[in-house]
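Here the structure comes first, spelled out in structure tokens, and everything after it is commentary.
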Protein chains: 2
Amino acid sequence: MNNKSRQRRSTQRVTMSDVAKLADVSASTVSLYLRKPDEVSGPLGQRIQSAINTLGYVPNLMAGALAAARTRVIGVVVPSMLNAIFASTVNTMQKALGAQGYQLLLGHSDYAEAEEEAVVRTFLSWSPSAMVLTGLSHSRETRRMLSNSDVPVIEMWELGSNPLDTLVGFSHLDVGRAQARHLVDAGCQRIAFIGTRLNVDERAKQRCAGSEAALMDLLGKRHTRVIDCGPGRMAEAANHAFADLLSSHPDTDGIIFGNDMLALGALGEAQRRGIRIPDDIAMIGFGDMDFSNCTLPPLSTIRPPREEIGNVVAQCVLQRVQGHTQETCLDLGFELLSRASSLRH
Amino acid sequence: MNNKSRQRRSTQRVTMSDVAKLADVSASTVSLYLRKPDEVSGPLGQRIQSAINTLGYVPNLMAGALAAARTRVIGVVVPSMLNAIFASTVNTMQKALGAQGYQLLLGHSDYAEAEEEAVVRTFLSWSPSAMVLTGLSHSRETRRMLSNSDVPVIEMWELGSNPLDTLVGFSHLDVGRAQARHLVDAGCQRIAFIGTRLNVDERAKQRCAGSEAALMDLLGKRHTRVIDCGPGRMAEAANHAFADLLSSHPDTDGIIFGNDMLALGALGEAQRRGIRIPDDIAMIGFGDMDFSNCTLPPLSTIRPPREEIGNVVAQCVLQRVQGHTQETCLDLGFELLSRASSLRH
DNA sequence: CAGTTTTTTCGCAGCGCTACGAGCTTAACG
DNA sequence: CGTTAAGCTCGTAGCGCTGCGAAAAAACTG
């Protein structure tokens with residue numbers, strides 16, 4: 001017999017059985033009370049609660065999760081937390097799911113499938129209740145891990161074929177088409193595209209492709225030019241891109257931007273050069289950021305369903321967690337906000 | 001003897017002992033290999049690794065955390081994820097700590113101590129390796145839980161007395177003073193303040209108080225007016241605040257903004273009204289956001305050490321986790337970027 | 001009031017992993 | 001060639017909680 005009790009407990013943490021002892025009940029009852037208070041009789045419940053209070057008991061989620069083989073954790077992966085557009089979706093999800101007692105584990109992929117794979121791998125080892133990913137492009141290994149895991153998966157912010165499971169988003173192709181049509185309707189004939197990360201951001205790419213397709217349809221020609229600014233301080237990058245565009249295609253009369261920050265940068269540069277917006281050049285952005293209605297002139301843009309996506313994803317998560325096995329595909333649409341930057345006289 | 005084996009395992013999850021069996025070693029060795037690969041001999045390590053690969057083994061963090069009584073989780077609480085300024089700090093921390101195998105659990109307090117308390121309570125039941133909070137104002141219960149928990153605590157983005165433990169930030173009072181001095185140096189005499197959430201955002205309040213103090217010192221008078229825009233779409237709110245200010249104090253010749261988004265809104269409105277910036281009114285913001293150098297005119301502002309805070313906090317966390325019990329208090333300073341919006345002729 | 005049903009409480013066997021000490025090899029040394 | 005040291009590997013005892021089935025208590029029956 002090995003009698004030297006191997007002391008492993010470092011901290012004298014208050015455990016459930018401490019509470020049980022004080023309340024003079026069994027640990028099972030405390031556990032039950034914590035999980036389903038109604039199934040414990042009134043007086044006992046009160047005894048337990050007061051024991052919890054006096055001891056300052058904090059349940060150990062790890063132990064619970066291990067025993068129950070489930071956590072109340074939702075893994076969420078967005079391309080970048082620096083992008084205000086995703087912040088707002090995540091914020092909404094946080095509110096909706098937090099209210100139901102779920103924790104969000106937030107990670108970012110930096111627009112790279114390999115990064116995403118690493119994050120998903122880590123998150124899965126928390127055995128989350130669900131996973132929420134951005135977009136439909138994932139590495140083969142990511143897809144494999146996810147489908148092996150029997151964790152509900154929700155993809156958001158995009159529409160397309162072969163979703164892993166549930167899909168909540170809108171069509172970026174349609175956004176591009178709408179942007180192009182809008183400028184053409186405003187009388188533009190030579191339309192350029194200024195975006196960022198077109199090489200890695202699948203959704204940006206789709207918007208660009210959508211506008212290109214629409215331009216072919218409507219005008220029978222492509223973008224006069226497509227400029228990719230790369231990441232970084234976008235407003236500044238757009239300054240240069242715009243200047244560059246003006247020198248290579250001085251007859252440009254419309255620009256579609258990958259996002260509103262780029263448009264803001266170009267707007268400033270235009271004003272500095274005395275180019276009149278929208279009369280010389282009409283502009284439309286994407287994102288409807290905080291400032292988009294306050295630029296000079298106010299910026300026409302696309303408002304993606306940021307908060308709506310967050311809310312709908314949260315609903316889907318809750319349904320899936322409760323076992324409703326409906327794999328859906330929800331198109332939340334978007335809104336084109338026509339403002340002065342594209343209102344030509 | 002209870003012979004009916006109580007099947008509890010729902011999913012046939014691959015466990016460490018499955019790997020051990022396939023690699024023909026003991027589970028302990030697999031565990032050791034996973035934690036300290038160098039302490040396992042080469043050939044055995046390879047056998048184990050290939051077993052892991054063929055089985056697609058994903059470790060169960062819950063079990064590990066329970067056994068080791070620690071997680072590799074860092075709880076981070078910021079006021080709001082919508083605020084780009086915090087996003088950038090969190091992003092940096094994520095990068096630095098993620099590289100060391102730590103997970104960030106991100107929560108927000110919505111600028112309310114009660115919310116913060118709830119988040120901290122939840123996070124603590126994850127027994128995190130460390131907690132990172134924003135600011136120094138916490139509810140009494142929050143402080144109690146934290147100090148009872150023996151989890152290292154780092155407060156960031158602020159400087160002050162009575163930190164819980166370690167403190168990394170800069171002085172918002174000094175920021176306010178610097179803003180005021182800058183405008184006074186530029187020749188302003190009647191300076192107003194336009195901010196948001198002054199009632200709840202302790203740091204915004206401090207900046208306002210700092211500029212007020214400096215104005216008293218330098219000009220012997222206070223802000224001509226302090227406007228609190230409230231939350232929401234800030235750029236738009238600033239439009240109105242600015243208009244309001246102009247009608248009540250048409251002789252205003254300098255404005256200090258609580259953040260750059262507010263300044264952007266006012267800048268637009270000023271231009272619309274034909275008010276020349278900086279000649280009629282000089283402006284300075286706070287935050288140095290992406291667009292601040294591209295407004296018209298470029299916006300003078302304060303660059304807080306966003307990324308620096310993230311990095312330093314990450315370093316502190318790592319040190320504290322490794323047992324270095326140095327409770328420090330680091331002032332990271334800030335930078336005043338003098339641009340055209342405050343450069344009077 | 002004995003017999004039956006319903007409600008409440010309890011005991012126990014894990015969940016999958018880590019830490020510790022012991023056992024086994026192999027290398028190094030006098 | 002025996003002895004000691006060093007390097008690897010393995011067995012075992014939990015970590016704190018949950019969920020099952022069973023026991024105990026309470027509430028109904030006729």
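Numbers restart at 1 for each chain; the letters A, B, ... are given by sequence-line order, proteins then strands.
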Requested in this report: Would you work out how much the helix from C/dC1-D/dG30 to C/dG30-D/dC1 bends between its ends, with each end axis defined by five base pairs, to 10 degrees?
Outcome: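 Roughly 30° between the end axes, to the nearest 10°.
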
Query - Contacts of type side-chain hydrogen bond (donor to acceptor under 3.5 Å, both in side chains), residue B/S125, not counting sequence neighbours - result: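 If we apply the side-chain hydrogen bond (donor to acceptor under 3.5 Å, both in side chains) test to B/S125, skipping adjacent residues, there are no hits.
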
Take atom [atom1] of [X] and atom [atom2] of [N], then tell me their distance rounded to the nearest Å.
| X | N | atom1 | atom2 | value |
| --- | --- | --- | --- | --- |
| A/R72 | D/dC17 | CZ | P | 17 Å |
| A/K21 | D/dG16 | NZ | P | 12 Å |
| A/M62 | C/dG16 | CE | P | 16 Å |
| B/M16 | C/dA19 | CE | P | 10 Å |
| A/L66 | C/dG16 | CG | C1' | 6 Å |

Report task. Could you pull out the closest heavy-atom pair between B/C316 and B/V168, with the gap in Å? Result ->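 So the minimum-distance heavy-atom pair works out to SG-CG2, 4.1 Å.
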
Requested in this report: Grab the two heavy atoms, one from A/L105 and one from B/L104, that are nearest each other, plus how far apart they are.
Outcome: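 Nearest heavy atoms, A/L105 then B/L104: CD2-O, 3.7 Å.
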
Query raised in the report: Which residues, if any, of residues 29-56 of chain A bring a heavy atom under 4.0 Å of DNA chain C?
Result: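 When residues 29-56 of chain A is checked for heavy atoms under 4.0 Å from DNA chain C, the hits, listed by number, are A/T29, A/L32, A/V40, A/S41, A/L44.
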
Query raised in the report: Does B/L146 reach the side chain of B/L124, with side-chain heavy atoms less than 4.5 Å apart?
Result: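 The answer is yes; the side chains approach within 4.5 Å.
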
Can you identify which nucleotide, out of [options], has its nearest atom closest to the [X] side chain?
| X | options | value |
| --- | --- | --- |
| A/N60 | D/dG19, C/dG16, D/dC17 | D/dC17 |
| A/S26 | D/dG11, D/dG16, C/dG11 | C/dG11 |
| B/A67 | D/dC10, D/dG14, C/dG14 | D/dG14 |

**Report entry** B/S28 (side chain) and D/dG11 (base): donor-acceptor pair under 3.5 Å
**Finding:**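 Side chain to base: pair present.
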
Report task. Can you check whether any acceptor in the base of C/dG16 is under 3.5 Å from a donor in the side chain of B/T15, or vice versa? Result ->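 Flag unset: no donor-acceptor pair detected.
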
Report task. Would you tell me whether A/H138 and A/E113 have side-chain atoms, one donor and one acceptor, within less than 3.5 Å of each other? Result ->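 On atom types as modelled, these side chains do not qualify, holding no pair under 3.5 Å.
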
Requested in this report: Compute whether any side-chain donor of one residue and acceptor of the other, for A/S139 and A/E117, lie under 3.5 angstrom apart.
Outcome: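 Their side chains do contain a donor-acceptor pair, which is all the 3.5 Å distance test asks for.
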
I'd like a table of donor-acceptor pairs (distance under 3.5 Å, sequence neighbours excluded) in which one partner is a side-chain atom from residues 89-103 of chain B, with atom names and distances.
residue, atom, partner, partner atom, Å
B/T89, OG1, B/W157, NE1, 3.2
B/T89, OG1, B/R306, O, 2.9
B/T92, OG1, B/S88, O, 2.7

Query - Pairs flagged by salt bridge (Lys or Arg N to Asp or Glu O under 4.0 Å) wherever residues 156-169 of chain A is involved - sequence neighbours left out - result: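 For residues 156-169 of chain A: A/E158-A/R203, A/D165-A/R320.
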
Check residues 52-65 of chain B and write down every donor-acceptor pair under 3.5 Å in which the side-chain atom is one partner and the other belongs to a residue at least two apart or another chain.
residue, atom, partner, partner atom, Å
B/N53, OD1, B/Q49, NE2, 3.1
B/N53, ND2, B/Q49, O, 3.4
B/T54, OG1, B/S50, O, 3.2
B/T54, OG1, B/A51, O, 3.1
B/N60, OD1, B/M62, N, 2.8
B/N60, OD1, B/A63, N, 3.3

